[in-house]
Number of protein chains: 2
Amino acid sequence: MGKFGLAETHLTCGDCPIRHRAVCARCETEELAALEETKYYRDYEPGQTIVWGGDEMDFVASVVSGVATLSHTMEDGRRQMVGLLLPSDFLGRPGRRLAPYDVTAVSKLTLCCFRRAPFEDLLLSTPAINRRLLEMTLDELDAAREWMLILGRKTAREKIASLIAIVGRRDAALHMMRADGQVVFDLPLTREAMADYLGLTLETVSRQISALKREGVIRIEGNRHVTVPDFPRLMEETGDDTDGGLLS
Amino acid sequence: MGKFGLAETHLTCGDCPIRHRAVCARCETEELAALEETKYYRDYEPGQTIVWGGDEMDFVASVVSGVATLSHTMEDGRRQMVGLLLPSDFLGRPGRRLAPYDVTAVSKLTLCCFRRAPFEDLLLSTPAINRRLLEMTLDELDAAREWMLILGRKTAREKIASLIAIVGRRDAALHMMRADGQVVFDLPLTREAMADYLGLTLETVSRQISALKREGVIRIEGNRHVTVPDFPRLMEETGDDTDGGLLS
DNA sequence: CTGCGACTTTGATCGAAATCAAAACAGGTG
DNA sequence: CACCTGTTTTGATTTCGATCAAAGTCGCAG
C-alpha cells in the first residue's frame, strides 16, 4: 500500500472497468497520452493459448476480466502452473521479448494490450512507472515464494486449504465479505487447473475437497461456487501461522 | 545481458572483490559517492541467522563471499528454502522494511551492506538503479518459477540432478569448465540444506546422490567436491528440455 | 425433456518418498 | 593418534498421494 506513496492513485484507463496497476495518475505525461493511442483489446476463449513458451511477445497487457495462467510444461506432459493472473494483474516482462512459459486463458478473458516498443520508451522516460513495476514484480516474487512453500512442504489437504484461502481472500477483498462473516466466491479454476497449481493430481484435489466438505470446513454448490462459513477455521487447515500472512 | 544496455559496465566497489550488480558505473553520480560512505562490511559464521522472518531490515547488501539462503519455516519445523544467494547476489527489497523470511549463512559469509535510507534516496534520484533492480528482480522471479516446476512436478532423482546442474552451471560460468569437458565444483550446501531446497528429506537426498554416483553420472570426493564427467548426461536426468534452459 | 461430452467423484491398488533406526564416515580437537 | 561430534549413508517399514478404472454429475444443445 503506497510503498512509494503512489499506489492509491491509479488511473482508470479509458473504457477499462479495472485499474491498471502499471500505469497510474502520477505518470500522466505526454508520453502516457501517446501510449494510450497504441492501446488495443483482445478477447480469448477458455482453454485458448495466448502465448507459447519461447514465443516472442510484442506487447504487454493488463487483465481486464477473466482469469489466465502461466505454466511450464515438460516434454512428457507434466505441467506446473507458476502464475495466476486475475483482473488488474499485469502480463509481460519489460525488457524481455521472449515468454519463458505458456500463457493460457482459463475462462473468457479480455486483455488490454500496449505495444512493447512505446511501452518501453515510456519506461525509459518515466521513472515512476519503473518504480511501480519494481513494486509489482516484488509482489509476484513474494507470491511465488509463498507458493514454493506450498509446493515443497505442505500436505495435499493443506495445499487445497491454502488455495481456497488465497482465492477467497483475494475475492473477499474485492466483493466484500458477507456481514455474517461467511466468505462466498466462485473458484475460477477446474480441478485439473487446481492440480497443476498445487503439484497434485486432479483425483487427489477432488478427494481433499470432498474431505473438507464432509467436515464442514467449506460448502460447495455445483462444482464451483464455494462458501467458507468460518474463515479462521479454514486458515487452521492451511498450516500457516495463525496471523494469516501480513506479508503483502 | 545488457537488457537495458548497461549490464556490462558494473562498477567494482571499493575493496570488494566482487561486482555489485545493483550499483553500476552508469549510476555514478554524487549520490553514489554519498552512498559509498555509508557502506560497511559484516561477517557471519556458518549456521548463523542474519535476519529472522518478520524482522525489520535497515540495510540492503551484496554477497561478497560465501553462501546464504532465504527460507520459510512453519511452526512445526518444516522448512522450505525459497532463495539461494551466491557471491554478487543482492539481498534486500527496496521499499520494504520487513523481511518476509529467514536469511541464514550456510558457510562463512561476508556481506557488503548499505543503509536503507540513503540507498532508497539514491533509488529515487537515479532511474538507472531502478531499472537495474527491476532486471535483477525479474531474474529472481524466473529462478523462483523454475524452482516451482522442480518442487511441484519432478521426481526426487530429477530434483537432485537439477540442483547439481544449477550449481554446476553457475560455478562453471565463474571458474571456467575444464578443457576435457568435465565440470568440477564444490557443493555449497549440506544434505539437509539440499533437502530444504528441493522439498525432500535428507535421507532421500542422500539415497539419490548415491544412485547417481553408482551409475557414474557424477563422482564425489569427501562429501562436497563434485565432478560431472559428462554434463549433457546429467542434464538428461533433470527432465528439462534438452536445450538446458535459454531463459537467463 | 433427452442425450451427449466434459468434468468430477469415488474406489482399489501400487509405488515413491517419508519415517524410524542404526551404522559408517568425515574432519576437527586435545 | 585416538576421540568426539555432527554429518552422511544405508536398511526396514509405513504412509500419502499417484495411478488405474469405473460410475456419477453438470450444463448445455438440440
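Order of the sequence lines fixes the chain letters, A, B, ..., with proteins taken first and strands second; residue numbering starts at 1 for each chain.
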**Q** Among pairs that include at least one residue of residues 201-212 of chain B, which meet salt bridge (charged side-chain N to carboxylate O under 4.0 Å, His left out), considering only residues two or more places apart or in two chains?
**A** none

**Q** Once the angle between the rings of A:Tyr40 and A:Phe59 is folded into 0 to 90°, is it parallel (under 30°), tilted (30 to 60°) or perpendicular (over 60°)?
**A** perpendicular

**Q** Reading DNA chain D from 5' onward, which residue's closest nucleotide shows up sooner: B:Ser210 or A:Val205?
**A** B:Ser210

**Q** On a heavy-atom basis, which atom in A:Lys159 and which in A:Leu151 lie closest, and how many Å separate them?
**A** NZ-O, 3.7 Å

**Q** Is there a residue in residues 191-204 of chain A whose heavy atoms reach under 4.0 Å of DNA chain D, and which residues are they?
**A** A:Gly199, A:Leu200, A:Thr201, A:Glu203, A:Thr204

**Q** Please give the angle, rounded to 10 degrees, between the axes at the start and the end of the helix from C:dC1-D:dG30 to C:dG30-D:dC1, where five pairs define each axis.
**A** 30°

**Q** Run the salt bridge (Lys or Arg N to Asp or Glu O under 4.0 Å) test against B:Arg153 and tell me which residues pass, sequence neighbours left out.
**A** A:Asp196

**Q** Name the nucleic acid region contacted by B:Ser206, choosing base, sugar-phosphate or nothing; use a 4.0 angstrom heavy-atom cut-off, strictly under.
**A** base

**Q** Where does the chain B footprint on DNA chain C start and end, counting 5' to 3' with a 4.0 Å heavy-atom cut-off?
**A** C:dA17 to C:dG27

**Q** Under the salt bridge (Lys or Arg N to Asp or Glu O under 4.0 Å) test, which residues partner B:Arg233, sequence neighbours left out?
**A** B:Glu237

**Q** Under the rule for salt bridge (Lys or Arg N to Asp or Glu O under 4.0 Å), what residues qualify as partners of B:Arg78, not counting sequence neighbours?
**A** A:Glu158, B:Asp76

**Q** For residues 98-114 of chain A, which side-chain N or O atoms pair as donor and acceptor with protein atoms under 3.5 Å away, sequence neighbours left out?
**A**
from	atom 1	to	atom 2	distance (Å)
A:Tyr101	OH	B:Arg145	NH1	2.9
A:Asp102	OD1	A:Gly53	N	2.7
A:Asp102	OD2	A:Thr73	OG1	3.3
A:Ser107	OG	A:Val67	N	3.0
A:Lys108	NZ	A:Glu45	OE2	3.3
A:Thr110	OG1	A:Asp43	OD1	2.7

**Q** Regarding B:Arg93 and A:Asp139, does a basic nitrogen lie under 4.0 Å from an acidic carboxylate oxygen?
**A** no

**Q** As a test of understanding, state which of A:Ile160, A:Ile209, A:Asp230 forms a side chain to side chain contact (heavy atoms under 4.5 Å, CB included) with A:Ile218.
**A** A:Ile209

**Q** Could you tell me whether a side-chain N or O of B:Ser206 sits under 3.5 Å from a main-chain N or O of B:Leu202, the two making a donor and an acceptor?
**A** no

**Q** Could you list the residues that satisfy side chain to side chain contact (heavy atoms under 4.5 Å, CB included) with B:Asp58, not counting sequence neighbours?
**A** none

**Q** Can you name the residues that form a salt bridge (Lys or Arg N to Asp or Glu O under 4.0 Å) with B:Arg97, not counting sequence neighbours?
**A** B:Glu56

**Q** List the atom pairs, donor and acceptor, that lie under 3.5 Å between side-chain atoms in residues 221-229 of chain A and the rest of the protein, sequence neighbours left out.
**A**
from	atom 1	to	atom 2	distance (Å)
A:Arg224	NE	A:Leu187	O	3.1
A:His225	ND1	A:Asp186	OD1	2.8

**Q** 5' to 3' on DNA chain D, which nucleotides open and close the contacts with chain A (atom under 4.0 Å from a heavy atom)?
**A** D:dG17 to D:dG27

